[in-house]
Engineer: 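Sharing a structure here in structure tokens format.
Start at 1 and go down the list; that is how both ligands and their atoms are numbered.
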Amino acid sequence: MPSMVQRYLDQIALTCVDADEGQVADYIPELGAVNPDQFGLALAMHRGSLYTVGDAHVPFTIQSVSKPLTYALALSLRGFDAVDAKLGVEPSGEAFNEISVDPATHRPKNPMINAGAIVAASLVCDPNDPAAGFARLLDCYSAFAGRSLVVDEAVYQSEKATGARNRAITYMLESLGILDVDPELAVDLYFRQCSVRVTAEDLAVIAATLAAGGNNPRTGREVCAPHIVRRVLSVMTTCGMYDGAGDWVSAVGLPAKSGVSGAVLAVLPGQLGIGVFSPRLDEHGNSVRGVTACRRLSSDLGLHMFNVVGEGRATVRSSYDIREVPSETPRDGRDEAILRARRDRVRVYDLQGPLTFTSMESVLQRLDSDSQRFDAAILNLGRVETADALSRGMLFGMHAQLENSGRLGLVVDPDRVLSREAGAWTLDAVRQGKLMAAVESARTHVYPSLSEAVSAAEDFLLAGPRLR
Ligand code: DON
């Protein structure tokens, strides 16, 4: 069942790989030598399911996507007051490596530009044991990703060898009295953190951990406190995409962070995390295909954080088989005997709340895990208030997928939620593809009452196995 989600991602990815403008970062040889055509996309849901496309398992260095993680660690270790005394939360509207600080307070404007990131690094340094300080940072990143991460030594050495501008920023901070540790220690930790090796899948899991308020949905581990995640996401929203931040928030509407390796991490709070990797960069230093992919995901899957919907309650309210709710359709003795033996093969799922991409994904997961238990599934929308365009497509796609395996998917829609205006269907590729034909044919499987759907399911049982 989740392969429908996979298909959406595959389709979206196909539309992103056409873009071949932009330049690969080449300030160090390791970044300049990468294959510019790589493209990896991963989506991690807040309940732990994971979908990947293309080069989602290819390693690259995390670069500036490290900045929100070190900021989270600094806040956890030092507390808000100590961090805020040295580091602001205002968008700078400047390039990432601008040598700038607030003229009055001398604090860097925010932790997403290099000056602020170096201050955050200085706050997690252990001056008595620098190796232990970095080990703690790496543990924190690994807990976010749900696996042990390592440093790319060659990239670290190159960052260190070519990092004159970052050193200049660090010594400026030292001269302004912002650093409490040796400037070389602070900038060295920053070079190391930028050189941690990750994949697009890691970025998606890190993002999903932020989306879940600091709890890694893959490992169940509490990585970061929710009030810290809230601060980190706030700063990512206003500063994460540098001088492109305003356009990003309007068009994509997801707190995000990019890195010069071509990484983009984006978070839909409470719902999901996205990781993209593609090395060509635009004039702001953001991955061209990464930005395109996030734009498509946001518009096609309805992910803008200011879309006013939410999944407050579990979407599947209850589930049972139709022995509890047999139809009142008169049956002769032979048919009644068959149905008595087989009514347990029809399951009803009572759904509730708004139907969105996220809530439908959890329904599909549930059907998938129950798949051995039914020959026909009835989704009862009796308590569903709204269904957006994408969730309707998924509902009808579910019908087509069940049909392909010789089973039946029925929908009960007493309040005609599916007939109400749902806005434009934006997933062009799907519109033109087979799924839309399936949507049309599946409309005939929507019933106004549960008893009519149960009766149809009983007819299906009586017709006997098809491809089953
Ligand atoms: O500070 C630097 O030069 C790099 N190692 C990391 C910067 C980065 O990823 C900027 N983001 N787009």
Engineer: Answer with yes or no after comparing the ring centroid distance for Phe277 and Phe60 against a 6.0 Å cut-off, counting only values under it.
Structural biologist: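 When the ring centroids of Phe277 and Phe60 are compared, they turn out to be within the sub-6.0 Å range.
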Engineer: If we check side-chain contact (heavy atoms from CB on, under 4.5 Å) with Pro354, which of these qualifies: Val384, Thr386, Thr315, Val417?
Structural biologist: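 Only one option passes, and that is Thr386.
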Engineer: Hey, does Val65 have a side-chain heavy atom less than 4.5 Å from the side chain of Ile206?
Structural biologist: no
Engineer: Pull out every atom of ligand 1 sitting under 4.0 Å from any heavy atom of Asn166, numbered as shown with elements.
Structural biologist: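 Once the distances to Asn166 are compared, the set is 1 (O), 2 (C), 3 (O).
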Engineer: Whether the Glu30 and Tyr156 side chains hold a donor-acceptor pair (N or O, under 3.5 Å, no angle test) is what I'd like checked.
Structural biologist: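 No, Tyr156 and Glu30 have no side-chain donor paired with an acceptor closer than 3.5 Å.
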Engineer: Regarding Arg107 and Asp84, does a basic nitrogen lie under 4.0 Å from an acidic carboxylate oxygen?
Structural biologist: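 Result for this pair is no, no salt bridge flagged.
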Engineer: What atoms of ligand 1 come closer than 4.0 angstrom to any heavy atom of Asn114?
Structural biologist: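 It comes down to these atoms of ligand 1: 1 (O), 2 (C).
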Engineer: Measuring from atom 9 (O) of ligand 1, which candidate in Ser64, Ser258, Gly163, Gly240 has the nearest non-hydrogen atom?
Structural biologist: Ser64
Engineer: For Tyr27, take its heavy atoms, then give the atoms of ligand 1 lying under 4.0 Å from any of them.
Structural biologist: 4 (C), 5 (N)
Engineer: Check each atom of ligand 1 against the heavy atoms of Val260 and keep those under 4.0 Å away; list them by number with element.
Structural biologist: 8 (C), 9 (O), 10 (C), 11 (N), 12 (N)
Engineer: Which atoms of ligand 1 are found less than 4.0 Å from any heavy atom of Gly285?
Structural biologist: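 Selected atoms, number and element: 12 (N).
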Engineer: What residues, two or more places apart in sequence or in another chain, satisfy side-chain hydrogen bond (donor to acceptor under 3.5 Å, both in side chains) together with His106?
Structural biologist: none
Engineer: Determine whether any heavy atom of Phe191 lies closer than 4.0 Å to an atom of ligand 1.
Structural biologist: no
Engineer: Side chains of Glu159 and Ser195: any donor to acceptor distance under 3.5 Å?
Structural biologist: no
Engineer: Does ligand 1 come near enough to Tyr190 that some N or O of the ligand is less than 3.5 Å from an N or O of the residue?
Structural biologist: yes
Engineer: Using distance alone, decide if ligand 1 has a nitrogen or oxygen within less than 3.5 Å of any nitrogen or oxygen in Gln63.
Structural biologist: yes
Engineer: Of the side chain and backbone of Glu159, name the one, both, or neither that has a heavy atom under 4.0 Å from an atom of ligand 1.
Structural biologist: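 The answer is the side chain.
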